[in-house]
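Inspection log for the structure reproduced underneath, given as structure tokens.
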Amino acid sequence: MLLMKHFVHEALPGRVVFGWGTLKQLPAEVAALGCHRALIITTPRQNALAHDILHALDGNGAGVFDGAKMHTPVAVTERALGLLRERGADCLVALGGGSTIGLAKALALRTDLPQIVVPTTYAGSEATPILGETKDGKKTTQRSPKILPEVILYDVSLTMSLAPSQAATSGMNAIAHAVEALYAKDVSPLITMLAEQGIASFAQSLPRIAADPEDRKARSDALYGAWACGVCLGSVGMALHHKLCHTLGGSFDLPHAETHTVLLPHAAAYNAAAAPEAMARAARALGAENAPLGLYELAKTLGAPTALCQIGMPESGLDRAADIAAENPYWNPRPIEREAIRTLLDNAYHGRPPITP
Ligand code: NAD
């Protein structure tokens, strides 16, 4: 019997400007929002470029806050909020990856100021109404329309400085959003299409970036993939893979993109039998026979980490990680089974190829 399609799709509002050299358009984007005092948020590494932007805003800049940190600590947000109020900022410009965008989102949540985000990694936070914040060592995640940036300015030229190794792990982080979107219970035809495009863009571009970091077309394809995968993350619910990454990142302080890179093939394998259509689509986009193995091989080809033991996970923590990942029930194509997750983590710890039941 043919099953009829049934879906709900809720489009997120937002303006997207994509291209090479688009940073030049930032002053016009600030003006289009009716703003005159933009506070620029960044990390210390991108401080010089943030000051160039401040200069280019020519009187419409309120200053630079370069203290963004991983996992958006509330103490950092409060310091930035102090500067924002002192300078009378009327909009936020985030220049950087997920950490920087997280800080702009935390400020927007508290002030309702509009945000223009200029993503320089592939993490995808720019396209989501989701914010994860940490306080007293605990990370909590929330969704709100106030969190979603009003404008995303993708400038491919700003990603040329992303080292191929960082492009690889950041790209695998993005692919993870698309893989989990393909088997999300609230997926729609539009998101399925974007997920496949996102995975294919990275599968083709990341090896080219590794071979030639100056390949502008490959850098452009990768940043396009980041947008496609980011929209997937913002639009549908995530499952086991994101839960595991959240658990390992939060409880064991593992690096974000690397954790996604190592776990993704194993989480995909765990769900493969329960989500055959999603796996077929992911495999096709990867140009592989089998999606979990294709993801593992892609990470290996890129020289990215494939074992949790390579990225700081203590073997003694695997039991606790399995407990946390299994404790609060959440939707996943395959039921959450504590022992099977413990086995998954053991394989990921040792960097073995993913095992598809
Ligand atoms: P990041 O923002 O922490 O950046 C890592 C480092 O790379 C920083 O030092 C930064 O200065 C540097 N960097 C950034 N762009 C660069 C470039 N083009 N060239 C050279 N160096 C550059 O890393 P990330 O992986 O983008 O973000 C991770 C954080 O984002 C995590 O806290 C994660 O939870 C969060 N995140 C949130 C969402 C969401 O929807 N809320 C989505 C994805 C990630």
Side-chain angles (χ1 to χ4, degrees), residues 12 14 23 40-50 64-74 76-77 94-106 108-109 115 117-134 139-144 146-149 152-178 180-181 198 209 213 219-220 222-223 226-227 229-238 241-250 253-261 304 311:
L12 295 171
L23 190 59
I40 299 149
I41 313 290
T42 195
T43 52
R45 218 199 276 186
Q46 290 168 304
N47 175 294
L49 184 57
V64 171
F65 181 89
D66 72 356
K69 286 219 163 72
M70 187 81 108
H71 305 309
T72 330
V74 170
V76 172
T77 302
L95 169 76
S99 299
T100 299
I101 296 169
L103 175 55
K105 286 173 157 183
L109 179 68
Q115 307 169 65
V117 298
V118 186
T120 60
T121 70
Y122 309 137
S125 179
E126 63 277 9
T128 84
I130 308 166
L131 169 65
E133 295 185 284
T134 43
K139 187 164 180 176
T140 47
T141 301
Q142 58 183 310
R143 265 180 183 263
S144 160
K146 280 188 189 178
I147 292 171
L148 183 73
I152 312 175
L153 197 65
Y154 286 108
D155 184 339
V156 179
S157 74
L158 301 180
T159 62
M160 299 300 287
S161 55
L162 210 51
S165 57
Q166 200 183 352
T169 52
S170 194
M172 293 296 293
N173 179 187
I175 292 175
H177 311 327
E180 290 228 293
I209 293 173
R219 296 279 190 176
S220 174
L223 194 59
W227 175 66
C229 294
V231 173
C232 292
L233 176 69
S235 304
V236 299
M238 297 286 115
H241 171 75
H242 281 74
K243 171 75 177 184
L244 282 174
C245 291
H246 197 262
T247 300
L248 295 188
D253 207 22
L254 301 192
H256 181 81
E258 288 81 351
T259 307
H260 275 273
T261 305
I311 61 169

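Both counts, for ligands and for their atoms, begin at 1 and track the order of listing. One-based numbering along the sequence shown.
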> For atom 6 (C) of ligand 1, what is the nearest protein heavy atom, given as residue, atom name and distance?
Replying inline: Q166 NE2, 3.7 Å

>> List ligand 1 atoms under 4.0 Å from L233, heavy atoms only on the residue side.
In response: 40 (O), 42 (C)

> For atom 31 (C) of ligand 1, what's the nearest protein heavy atom and its distance?
Replying inline: M70 SD, 3.7 Å

>> I'd like to check which ligand 1 atoms, numbered from 1 as shown, lie under 4.0 Å from a non-hydrogen atom of G97.
In response: 2 (O), 26 (O)

> Short list, please: which atoms of ligand 1 are under 4.0 Å from a heavy atom of L158?
Replying inline: 18 (N)

> What is the nearest protein non-hydrogen atom to atom 19 (N) of ligand 1, stated with its residue, atom name and distance?
Replying inline: S161 OG, 2.8 Å

> Do ligand 1 and H177 have nitrogen or oxygen atoms that lie under 3.5 Å from each other?
Replying inline: no

> What distance do D66 atom CG and N47 atom CG have between them, rounded to the nearest 0.5 Å?
Replying inline: 4.5 Å

>> Please list the nearest protein heavy atom to atom 39 (C) of ligand 1 with its residue and the distance rounded to 0.1 Å.
In response: S125 OG, 3.4 Å

>> As a test of understanding, state which of T261, T169, N173 forms a side chain to side chain donor-acceptor pair (under 3.5 Å) with H256.
In response: N173

> If every non-hydrogen atom of R219 is compared with every non-hydrogen atom of I209, which pair is closest and at what distance?
Replying inline: CZ-CG2, 3.8 Å

> What atoms of ligand 1 come closer than 4.0 angstrom to any heavy atom of K139?
Replying inline: 34 (O)

>> Counting only nitrogen or oxygen atoms and a 3.5 angstrom limit, does N173 reach ligand 1?
In response: no

> What residue and heavy atom of the protein are closest to atom 32 (O) of ligand 1, and at what distance?
Replying inline: H71 N, 3.1 Å

> Can you name the nearest heavy-atom pair linking A68 to S99, along with the distance?
Replying inline: CB-O, 4.1 Å

> Can you find an N or O of T100 that's nearer than 3.5 Å to an N or O of ligand 1?
Replying inline: no

>> Which residue and atom name correspond to the protein heavy atom nearest atom 21 (N) of ligand 1, and how close is it?
In response: R45 NH1, 3.1 Å

>> How close do G98 and T121 get, counting heavy atoms only, and between which atoms?
In response: N-OG1, 4.0 Å

>> Looking only at protein heavy atoms, which one is nearest to atom 24 (P) of ligand 1, and what is the separation?
In response: G98 N, 3.6 Å

> Which atoms of ligand 1 sit under 4.0 Å from any heavy atom of A123?
Replying inline: 26 (O), 42 (C), 43 (C), 44 (C)

>> To check you understand the geometry: which heavy-atom pair defines the closest contact between E126 and A226, and what is its length?
In response: OE2-O, 4.4 Å

> Where the closest heavy atom to atom 33 (C) of ligand 1 is concerned, which of H242, H256, K69 has it?
Replying inline: H256

> Quick one: nearest non-hydrogen protein atom to atom 11 (O) of ligand 1, plus distance?
Replying inline: T43 OG1, 2.6 Å

> Counting from 1, what ligand 1 atoms have a heavy atom of K105 closer than 4.0 Å?
Replying inline: 39 (C), 40 (O), 41 (N)

> Yes or no on side chain to side chain contact (heavy atoms under 4.5 Å, CB included) for H177 and T128, after CA distance, side-chain angles and deciding distance?
Replying inline: CA-CA 11 Å; H177 311 327; T128 84; over 6 Å; no

> With a cut-off of 4.0 Å, which atoms of ligand 1 are near a heavy atom of T128?
Replying inline: 39 (C), 40 (O), 41 (N)

>> Any nitrogen or oxygen of I130 lying under 3.5 Å from a nitrogen or oxygen in ligand 1? Just yes or no.
In response: yes

> Has K139 got more than 12 heavy atoms of other residues, nucleotides or ligands less than 6.0 Å from its NZ?
Replying inline: yes

> Yes or no on side chain to side chain contact (heavy atoms under 4.5 Å, CB included) for L244 and H241, after CA distance, side-chain angles and deciding distance?
Replying inline: CA-CA 5 Å; L244 282 174; H241 171 75; 5.8 Å; no

>> One pair to check against side chain to side chain contact (heavy atoms under 4.5 Å, CB included): F65 and I40. What are the steps and the verdict?
In response: CA-CA 6 Å; F65 181 89; I40 299 149; over 6 Å; no

> Between H242 and H246, is the ring centre distance below 6.0 Å?
Replying inline: no

> Between V231 and L12, is a side chain to side chain contact (heavy atoms under 4.5 Å, CB included) present by the stated rule, with each step listed?
Replying inline: CA-CA 8 Å; V231 173; L12 295 171; over 6 Å; no

